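Model, not experiment: these values are computed from the prediction. For the single chain, residues carry numbers from 1 onward in sequence order. As the structure lists them, so they are numbered: ligands from 1, and atoms in each ligand from 1.
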Amino acid sequence: MILVLDFGGQYAHIIARRVRELGVYSDVKPCDITLSEIGKLGPDGIILSGGPSSVYEHNAPLMNKKVLDLKIPILGICYGEQLIGKLVGGTVLPGKQKEFGKKTLYLKKPGRILKGLARQEQVWMSHGDLVAELPKDFEVLASTDTCKIAAFENEKRKLYGIQFHAEVAHTPSGNQILKNFIFEACKAKKDWEIKDLPRKLVKEIRKEVKGNLVIMGVSGGVDSTVAATLLHRAIGNKLYCVFVDHGLIRKNELEEVKDFFEKKLNFRHFLVVDASKTFLERLNGVKEPEEKRRIIGHAFIEVFEGKVIELEKKHRGIKFLGQGTIYPDRIESAQPSKYASKIKSHHNLTLPENMKLKVIEPLKDFYKDEVRKLGKELKVPDEILDRHPFPGPGLSIRILGEVTEERLKILKEVDYIFIEELKNSGYYDKAWQAFAALIPVKTVGVMGDARTYEYIISLRAVTSVDAMTADWAKIPHELLEMISNRIINEVRGVNRVLYDISQKPPATIEYE
Ligand code: XMP
């Protein structure tokens, strides 16, 4: 495996994903990991990520200097490069000017890590500081106009550094550099393949569960569906799946999910808890978005917990709680960033500790794209794997302000038409996420010869890679017109349709 040490940049996970895509398992750990923990992991190589700090700054994230002497090849990227530079006795200085964006890299010598690159290459830079001097036993391999030491290596000590980001698409030869490091410097074996995984994971689940029963909440989303499918393959009818219907789901959603689990996957225990009344009652009169989220989060846990207790009484052997946690979820909840401000509180299911159920998370080591590939291997149909994300609080955060039965009914119909037309026209797969939101403001319209006074609907379709940023989807006007006509003609209570053309940031994808 290749160990990625996280120095606080946004790039650590991208690096690990790139390494996995190249066929070698990779894990991200905090930069202050101990030597003995590294020993336990036994990495073939270590990559030090970028980060927003300066190595000479007070409180800059550091690592144990002895990591450099473990005789494990190390590649430092950006901040990681500067850290190696500093730890080996070189000089790191603020650059004359900050470099940000595409730059030309001039190769002096390929050495080991720049093998296969042209004399000039486009690279992506994002830094203020730079390594200005290195001890004599280090060789400078490349530079840019403003950065003399843009790549270096010490082949004897197996230390390598690049100032630019090899892990991003704007560095077209970045993968070649990572390959050089992983396979040439570290001599890692290419043995990470999704298609071999189901068998291995099934074996691990059986070993852990040992004939006990597992209970799991499913939503019909990609993660929980793939996790449940995997558990089902391992333990069959010993799996109890619970779908909490909070009433804030989309039209036909329950039927589709139930049908999939029962008919396509032959689950014997797919239990639906209809709690829509409870949720609607508790949301009655509540307008504030965070309050709505809080109420839904709490009610969800309460309802699910009630079902678990009921099942526990009936079937004494329930010992495990299955969860669809994936790798990024784990990182986010373990180390919430000190500096990130809370924009919206997303809720994931966590049960109180006194429930004494052991958590089993078969997808905890995988990224989203890997979960999709795993789902494909498990024959989960594309219509589930390619589904747009749907937030935990469901339609409640797409009905701005107070949620009422009337508004829910309208929104379900509208959303259904929008998504149906996007699917028919092929635009569903082009968008990262699409949905309708109800703006509880009434405007005047005219229908037939009569005046109407009804709600506004806003349609939102976005393109994105990871939901961190998003752009509005450029859907043809003719298609929007047809969708708008259908909505106004077919759904009572709406007389005006808008298309949202805001980007994230400054807007967010959802409305609340
Ligand atoms: P925003 O609105 O923050 O949304 O741009 C980013 C992505 O997160 C989804 N989202 C949620 N997912 N629970 C979830 O599981 C939540 O509470 C939640 N809120 C937003 C949103 O749909 C988008 O894909």
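Which parts of ligand 1 touch T508 is read off a 4.0 Å heavy-atom cut-off, strictly below it: atoms 1 (P), 2 (O), 5 (O). Annotation for ligand 1: atoms under 4.0 Å from non-hydrogen atoms of K504 are 1 (P), 3 (O), 5 (O), 6 (C). For ligand 1, the atoms lying closer than 4.0 Å to a non-hydrogen atom of P393 are 13 (N), 16 (C), 17 (O).
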Verdict with reasoning, S484 to Y499, per side chain to side chain donor-acceptor pair (under 3.5 Å): CA-CA 9 Å; S484 161; Y499 187 59; over 6 Å; no
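At a heavy-atom cutoff of 4.0 Å, ligand 1 is contacted by the side chain of P389 but not by its backbone. With a heavy-atom cut-off of 4.0 Å, W432 touches ligand 1 through its side chain alone.
Within the cation-pi definition used here (under 6.0 Å to the ring centroid, within 45° of the axis), K258 does not qualify as a partner of F270.
Taking only non-hydrogen atoms, the option from R293, R398, E510 nearest to atom 19 (N) of ligand 1 is R293. Between atom 7 (C) of ligand 1 and the options A507, P505, A467, the minimum heavy-atom separation is to A467.
Not a single N or O atom of I397, backbone or side chain, sits closer than 3.5 Å to an N or O atom of ligand 1. When only interatomic distances are considered, the shortest N/O to N/O separation between F390 and ligand 1 does not fall below 3.5 Å.
Between E21 and R18 there is a salt bridge, with a side-chain nitrogen of the basic residue lying less than 4.0 Å from a carboxylate oxygen of the acidic one. Using a cutoff of 4.0 Å between basic side-chain nitrogens and carboxylate oxygens, K423 and D429 are not scored as salt-bridged.
The shortest non-hydrogen separation linking I296 to S396 is CD1-OG, 3.1 Å.
By the side-chain hydrogen bond (donor to acceptor under 3.5 Å, both in side chains) test, K376 pairs with D382, sequence neighbours left out. The salt bridge (charged side-chain N to carboxylate O under 4.0 Å, His left out) check on K474 picks up D471, with sequence neighbours excluded.
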